[in-house]
Trainee: 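Following this message is one structure expressed as structure tokens.
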Amino acid sequence: MGTTEFENIGFGSLVFNKTAMKKYLSKEAFDSWSSCVLQRKVLSSETASEIADAMKTWALEHGATHYSHWFQPLTGVTAEKHEGFMIPTDEDGFRLEFTSKELIKGEPDASSFPSGGLRSTFEARGYSAWDPTSYAFIKDRTLYIPTVFFSYSGESLDKKTPLLRSCDELNKQALRVLKILGDNESKSVTANVGAEQEYFLIRKELFNKRSDLRLCGRTLLGAPSPKGQELDDHYYGAIKPEVSKFMKDLNRALWKLGICSKTEHNEVAPAQFEMAPFFTSANRANDENQLTMEIMRRVADDHNLVCLLHEKPFAGTNGSGKHVNWSLSTDKGENLFSPGDSPKSNRRFILMLSAFLKGVDEYSELLRCSTAYSGNDLRLGGLEAPPVIISVFTGHYLESLIDSIINNSSFEFSEGSLMEAGKAVLLRIPKDLTDRNRTSAIAYTGNKFEFRMPGSSQSIASPVTYLNAIMAKELKEVADKLEGSKNLEEDLNNLIKSMLKGHRRIVFNGNGYDGQWAEEAKKRGLKNLSNTAETLPEYMSEKNIKLLTEGGIYTLTEMQGRDEVHKQKYCSVALIEAKTMIKMLHEIFTSVALFSSKISKASSMVLNSTILSEIDKESSALLKNCKALEELVEKASSFDDNCALMVFCSKELYPQMERCRKSADALERLTSSDFWPFPDYTELLFSV
Ligand code: ADP
Ligand code: MG
């Protein structure tokens with residue numbers, strides 16, 4: 001047998017995973033860690049101490065000199081602070097130290113992380129604490145320890161803590177429901193996530209010539225290229241050798257970190273690509289996605305490319321999303337959203353489906369909030385991105401099934417066999433029952449839901465936290481109603497029926513990209529929250545507070561802090577973008593002046609005067625618009641309330657930037673590219 005590509009990849013070799021733990025830990029310590037993780041219990045100090053020792057030995061043997069608590073502050077990206085293992089000794093030498101104390105708790109200076117006021121009310125200090133449910137790993141000579149991050153008074157300052165809490169709550173409520181359905185075997189229910197990651201690759205030298213890309217991650221200006229994505233010749237096209245080399249290196253780097261990068265292909269827009277890993281538990285999937293984004297940027301850099309993770313780097317072409325595939329499974333490996341072969345598993349499936357539909361309908365604003373930020377405003381609702389209206393695509397088969405349950409009518413569930421009216425729970429459902437329409441915000445895809453709204457740059461923690469929290473709340477309600485039921489079959493049937501009936505409106509299997517959907521959704525009473533400024537005020541609604549505080553996901557103070565951070569971030573991004581645009585417009589003025597003076601000296605009078613007069617017209621429009629933008633930026637500094645500033649940015653600043661862009665792009669068309677100060681869309685999109 002010859003060697004395969006996979007022989008020396010060292011899959012997971014840089015991860016302190018189960019295999020490494022088994023090798024470096026005593027059997028007792030390993031078993032104790034396993035059962036604590038499974039049952040979500042606290043580790044004993046002896047076990048923690050042994051794990052710290054083992055982790056140190058393993059890390060040193062793998063070349064680490066430092067360790068770092070790795071956490072996920074509200075910035076949405078990760079943070080780290082490295083400490084060396086080395087400690088000086090009295091004998092002019094050194095020893096290497098890493099104890100359970102260092103493993104378990106850290107104290108990074110937190111004063112500059114956003115907290116939405118949580119810190120000023122309490123204490124500037126922040127603490128990080130080891131999350132034993134995710135794996136430590138090695139990168140750049142450093143042992144990274146996944147941690148949660150919280151304030152002196154115990155308030156969560158990060159995105160991981162609420163996610164872990166939501167996993168716990170979901171586990172608890174789902175087990176209650178399973179028990180009611182007669183399952184006393186399952187010990188845990190886990191949310192699984194596979195996050196498809198879209199991205200663009202452009203040349204580094206071009207990237208460096210544009211302030212907008214460097215400072216904002218997207219182009220703020222740029223006339224469309226004569227050719228865009230209209231021929232669909234990039235989508236699933238042959239991967240170019242240069243990109244293939246990038247993907248190969250990316251895969252190898254991810255595999256070493258135990259991330260099972262699986263799918264890779266060209267996406268719709270020129271220079272756009274996708275990577276999807278094999279799914280894993282929600283907490284790890286979140287860590288993995290953060291690592292993936294970082295590794296993508298880094299590998300691109302090694303190839304003299306830049307990986308753009310912004311959701312809309314180029315106007316007029318497809319944006320990048322991050323589809324969050326989400327499902328629930330038991331420790332026995334049973335998928336709760338999988339229609340099974342037996343009536344029993346289908347009863348469970350229909351109950352889970354009903355609870356999910358009810359939850360999405362009741363908390364659609366919260367799900368919308370988890371995807372509301374300025375980058376995604378540019379993406380949602382256009383060019384193959386899902387609309388801003390939340391609905392669930394079930395496929396026509398499930399839709400008919402739902403209707404038959406609601407209407408008490410019979411349903412032909414497979415050729416020749418009818419479901420008796422009213423017997424919703426006694427079905428046999430064929431496995432492959434979904435059509436491939438993916439135009440809604442959430443699509444059922446056979447055994448999981450694909451939440452298609454999140455944008456490519458964002459952390460998946462909040463979308464997943466909310467999916468978990470919502471499902472947990474609905475399952476709690478189910479359990480509260482059915483526990484102790486004297487007539488389970490009947491009560492269950494009635495409950496399913498009423499859940500489906502009450503929330504039928506959230507199911508939509510038509511084309512979500514079609515303009516008529518907005519009208520239809522309005523008739524159904526579904527919310528159409530078109531942008532961040534309209535959406536974020538929904539976050540602190542009474543029902544959301546109740547859901548998240550009663551579910552133990554956030555305290556009220558934590559929610560208030562996050563609310564503030566989201567608004568602040570929107571405003572900060574808007575102002576950075578406006579200022580960057582102003583800087584670029586000034587570069588344009590200089591360049592256009594040079595160009596004008598050059599052509600005014602040229603010989604063809606007719607042509608010159610025509611071009612010059614057009615340039616003059618557009619230049620004065622741009623000057624006027626730029627001046628107005630500068631005034632708005634000035635005005636922004638007078639706001640002391642982020643809520644009002646957010647509305648101002650949305651209603652005045654961004655529209656003014658749009659006007660500037662229109663004039664600037666018109667000027668770009670009139671100016672010779674030799675004089676234009678930045679690489680244009682054709683260069684950016686068609687050089688890789
Ligand atoms: P698509 O139909 O969109 O191409 P795939 O079936 O290729 O989707 O899966 C996309 C993502 O969904 C992958 O990351 C995959 O691992 C993940 N996925 C597959 N099954 C599940 C599941 N049961 N739970 C969560 N994610 C899943
Ligand atoms: Mg998909």
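First listed ligand is number 1; within each ligand, the first listed atom is number 1. As the structure is a prediction and not an experimental result, all values here were calculated from the model.
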Trainee: Under 4.0 Å, counting heavy atoms only: does Thr445 come that close to any atom of ligand 1?
Mentor: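 In this structure, Thr445 fails to qualify as a contact of ligand 1 - no heavy atom is under 4.0 Å.
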Trainee: For residues 376-383, which side-chain N or O atoms pair as donor and acceptor with protein atoms under 3.5 Å away, sequence neighbours left out?
Mentor:
residue : atom : partner : partner atom : Å
Asn376  : OD1  : Arg379  : NH1          : 3.0
Asn376  : ND2  : Thr371  : O            : 2.9
Asn376  : ND2  : Met453  : O            : 3.0
Asp377  : OD1  : Thr532  : N            : 3.1
Asp377  : OD1  : Thr532  : OG1          : 2.8
Asp377  : OD2  : Thr532  : N            : 3.1
Asp377  : OD2  : Thr532  : OG1          : 2.9
Arg379  : NH1  : Met453  : O            : 2.7
Arg379  : NH1  : Pro454  : O            : 3.2
Arg379  : NH2  : Arg452  : O            : 3.0

Trainee: Quick check on contacts: which atoms of ligand 1 are under 4.0 angstrom from a heavy atom of Asn335?
Mentor: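 Going through ligand 1 atom by atom, the ones under 4.0 Å from Asn335 are 23 (N).
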Trainee: Between Asn447 and Leu336, is a side-chain contact (heavy atoms from CB on, under 4.5 Å) present by the stated rule, with each step listed?
Mentor: CA-CA 8 Å; Asn447 60 4; Leu336 303 186; over 6 Å; no
Trainee: How does Glu196 reach ligand 1, if at all, at less than 4.0 Å between non-hydrogen atoms: by side chain, backbone, both, or neither?
Mentor: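 The answer is the side chain.
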Trainee: Among Tyr513, Tyr444, Trp517, exactly one meets ring-ring contact (aromatic ring centres under 6.0 Å, His included) together with Phe508. Which residue is that?
Mentor: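 One option only clears the test, and that one is Trp517.
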Trainee: Taking the six-membered ring where the residue is Trp, are the ring centres of His566 and Tyr373 under 6.0 Å apart?
Mentor: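 They do not qualify: ring centres at least 6.0 Å apart.
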Trainee: Which of the atoms in ligand 1, numbered in the order shown and given with their element, are less than 4.0 Å from a heavy-atom of Phe278?
Mentor: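 Going through ligand 1 atom by atom, the ones under 4.0 Å from Phe278 are 16 (O).
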Trainee: Hey, is Glu450 touching ligand 1 through its side chain, its backbone, both or neither, going by heavy atoms under 4.0 Å?
Mentor: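 The side chain, only.
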Trainee: So is there a nitrogen or oxygen of Trp326 less than 3.5 Å from a nitrogen or oxygen in ligand 1?
Mentor: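 So ligand 1 has no N or O lying under 3.5 Å from an N or O of Trp326.
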Trainee: Show which atoms of ligand 1 fall inside a sub-4.0 Å distance from at least one heavy-atom site of Pro277.
Mentor: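 The list of qualifying atoms is 13 (C), 14 (O), 15 (C), 16 (O).
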Trainee: Counting both backbone and side chain atoms, is some N or O of Phe279 under 3.5 Å from an N or O of ligand 1?
Mentor: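 In this structure, Phe279 places an N or O atom under 3.5 Å from an N or O of ligand 1.
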